[in-house]
Novice: 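Handing you this structure, nothing more for now.
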2 protein chains.
Amino acid sequence: MNAPVRKPRSATGTRSDSVYAGLRRAIIEQALMPGDKLTEDLIGDRFGVSRTIVRTALARLHAEGLVDMQPNKGATIAQPSLSEAQDVFEARMCLERQVLVRLAKKVTDQDIERLQQHVALEAKANAHDGPASIRLAGEFHILLASLSGNGVLARYVDEVVSRCSLILALYGRPHSSDCSISEHQQIIDALRARDGQAAIDAMDHHLEAVTDRALLSSHSDRTRDIRSILDRYAS
Amino acid sequence: MNAPVRKPRSATGTRSDSVYAGLRRAIIEQALMPGDKLTEDLIGDRFGVSRTIVRTALARLHAEGLVDMQPNKGATIAQPSLSEAQDVFEARMCLERQVLVRLAKKVTDQDIERLQQHVALEAKANAHDGPASIRLAGEFHILLASLSGNGVLARYVDEVVSRCSLILALYGRPHSSDCSISEHQQIIDALRARDGQAAIDAMDHHLEAVTDRALLSSHSDRTRDIRSILDRYAS
DNA sequence: TTCGGCATATTTGTATACAATAATGAATAC
DNA sequence: GTATTCATTATTGTATACAAATATGCCGAA
């Protein structure tokens, strides 16, 4: 089975792209958790490609901060420290503000329609499909960034939002989305009114709330989890 | 010659890192110009590594926007369009402002000393070593970002600054640095006085000047160079 | 000549082979 | 029983082999 029908060579990196996309989605939906080992052979088997391809995908994920790599020891899902997490949130705030500065000037009715549709999707997935809910919440921000029309901003927002999923997995409540739908709605409403400042304020408020939910919720720094867990058993 | 002494396997990616760093420097110093072909075999020969390694390095440069890759046709030094160039500058402005917001709060005398030393280097290289001058001008901004203490910001600033070198190569005057030393000095002076707003203003002014020098100087959009050149000969 | 088509040579994409390193576990000494 | 050493296994890093695609150049036909 798994007939090895050689596809006629499509676009460069299409294979590694699909491995990349698959792993990325698994990370963002928190199917793969921080610290999980990513063995090249194993991934290659699952995706039906050689280690060469897997390696390319892993290198890319590493560059984006989603996986850690140690020399001769391979790749694991990244475990951002609390300090790195704060850095990510700070950069995210800075970038998303700029996105809204742009959008306030150039957003079209069609753009707003797309955003509104996306929030509808979020509402539908909410509470009944945890993983999809997490992913969609992030994708709202990615959609905003791509509508901004600045590809560089869009790429960076994409990256920091993805890393936020990881941070949430580490420090937040399990399987909770980091975004409330009503907060997304407020941003859309402000954009619809072409009130740039209100949109930025709404985003500020939203991201502060996200940061709080992610970093100040139930758990302390998970890098010490093992130690503190053992403490409980060592007495 | 070139005794193939297998080094005892140091850190992962050390080899591809050195290829990456070499190519990157060549691009930033404008030894390699936009559009130049990057043949894998050729690079591998020069650096004494296999195509596998070269490929990894090229993929990384591609992810950072320094090289373009076309399916089955390989890699070339990137030729950012005017629109991409504007996106890069906008993102850069946004990121470097945030760097200064942070630095205004936390910069130490030692940091300022390092910055001052760097500007001294720039002055020394200025006018007698074109390539180094270009590189050092960019590295001033990268140093600022790294002193900010936010690794995410630092990485993004690094990227956009590098891409600016490329943009300058395409659209600016040949081998001119995009940064004036006096403008760098003004930023340091403002930081030394712990005047955050003045530092940000100086940076705004500086980056606007850089943008002008890069995008509004002698040449128009080079992506149309061939067409317009031919126009002149086709009449 | 000049154009189109075919053969050859380059170059890329992917898989695999092999060496080096790290992880695992068993056997031995104490 | 515990710890230490060594052999075995698993996994990574790099080079190479081969297939697919593209580029190059030659030749003949108009």
Side-chain angles (χ1 to χ4, degrees), chain A residues 1-23 26 32 35-63 66-79 226 234, chain B residues 1-23 26 32 35-63 66-79 226 234:
Chain A
M1 39 212 70
N2 221 354
V5 220
R6 281 281 177 81
K7 280 190 187 170
R9 185 77 84 87
S10 44
T12 288
T14 284
R15 286 171 194 265
S16 94
D17 278 355
S18 93
V19 175
Y20 163 81
L23 289 176
L32 291 170
D36 284 355
K37 186 80 208 299
L38 297 169
T39 307
E40 296 172 1
D41 268 330
L42 206 148
I43 298 169
D45 285 351
R46 288 291 172 207
F47 284 88
V49 297
S50 77
R51 280 180 52 219
T52 308
I53 308 297
V54 176
R55 227 142 201 295
T56 306
L58 289 177
R60 191 167 161 198
L61 290 164
H62 173 61
L66 292 182
V67 321
D68 290 338
M69 302 200 75
Q70 273 192 307
N72 294 315
K73 300 185 64 178
T76 56
I77 307 292
Q79 296 177 290
I226 293 170
Chain B
M1 48 208 67
N2 220 355
V5 223
R6 281 281 177 80
K7 280 189 188 171
R9 184 77 84 86
S10 43
T12 289
T14 285
R15 286 170 195 263
S16 94
D17 279 354
S18 95
V19 175
Y20 163 82
L23 289 176
L32 291 170
D36 284 354
K37 186 78 208 299
L38 297 169
T39 307
E40 295 173 1
D41 267 331
L42 206 147
I43 298 170
D45 286 350
R46 289 290 172 206
F47 284 87
V49 298
S50 77
R51 281 179 52 220
T52 308
I53 308 296
V54 176
R55 222 144 207 295
T56 305
L58 289 176
R60 190 167 162 197
L61 290 164
H62 173 61
L66 292 181
V67 321
D68 290 338
M69 302 199 76
Q70 274 192 306
N72 293 316
K73 301 185 64 178
T76 56
I77 307 291
Q79 296 178 289
I226 292 169

Novice: State, yes or no, whether a side-chain contact exists between L32(B) and L38(B) at a heavy-atom distance under 4.5 Å.
Specialist: yes
Novice: Both S50(B) and D41(A) contact DNA chain D. Taking the nearest nucleotide for each, which residue is further toward the 5' end?
Specialist: D41(A)
Novice: Whole Å only: how far is the NZ atom of K37(B) from the P atom of dT22(D)?
Specialist: 13 Å
Novice: Which part of the nucleic acid does T39(B) contact within heavy-atom distance under 4.0 Å: base, sugar-phosphate only, or nothing?
Specialist: sugar-phosphate
Novice: To the closest 0.5 Å, what do you measure between CD1 (I53(A)) and CZ (R51(A))?
Specialist: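 Going from the CD1 atom of I53(A) to the CZ atom of R51(A) covers 12.0 Å.
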Novice: Taking it one step at a time, do R60(B) and D17(B) satisfy side chain to side chain contact (heavy atoms under 4.5 Å, CB included)?
Specialist: CA-CA 10 Å; R60(B) 190 167 162 197; D17(B) 279 354; 3.1 Å; yes
Novice: Can you tell me how far CG of L61(B) sits from CE of M69(B), rounded to the nearest 0.5 angstrom?
Specialist: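 Reported to 0.5 Å precision, the distance equals 9.5 Å.
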Novice: Could you run down the sub-3.5 Å N/O contacts of the protein with nucleotides 22-25 of chain C?
Specialist:
{"from": "dA23(C)", "atom 1": "OP1", "to": "K73(A)", "atom 2": "NZ", "distance (Å)": "3.1"}

Novice: Figure out the CG/C1' separation between D45(B) and dT11(C), and round it to whole Å.
Specialist: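 So the CG-C1' distance, D45(B) to dT11(C), works out to 13 Å.
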Novice: Kindly give the heavy-atom pair with the smallest separation between S18(B) and F47(B), and that separation in Å.
Specialist: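 Taking every non-hydrogen atom into account, O-CE2, 4.0 Å.
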Novice: For I53(A) and dA20(D), give me the distance from atom CD1 to atom C1', rounded to whole Å.
Specialist: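 Those two atoms, CD1 and C1', are 14 Å apart.
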Novice: Once you round it to whole Å, what is the distance between P of dT11(C) and CG of L42(B)?
Specialist: 8 Å
Novice: Would you kindly compare T52(B) and E40(B) by the position of their nearest DNA chain C nucleotide and give the one closer to the 5′ end?
Specialist: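 It is E40(B), whose closest nucleotide lies nearer the 5' terminus.
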Novice: Take the protein atom CZ of R51(B) and the nucleotide atom C1' of dT16(D), then report the distance between them rounded to whole Å.
Specialist: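 Those two atoms, CZ and C1', are 10 Å apart.
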Novice: Could you tell me whether the side chain of L58(A) reaches within less than 4.5 Å of the side chain of L23(A), counting heavy atoms only?
Specialist: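 A side-chain contact exists here, since the closest heavy-atom pair is under 4.5 Å.
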Novice: Could you give the CZ-to-P distance, from R15(A) to dT12(C), as a whole number of Å?
Specialist: 18 Å
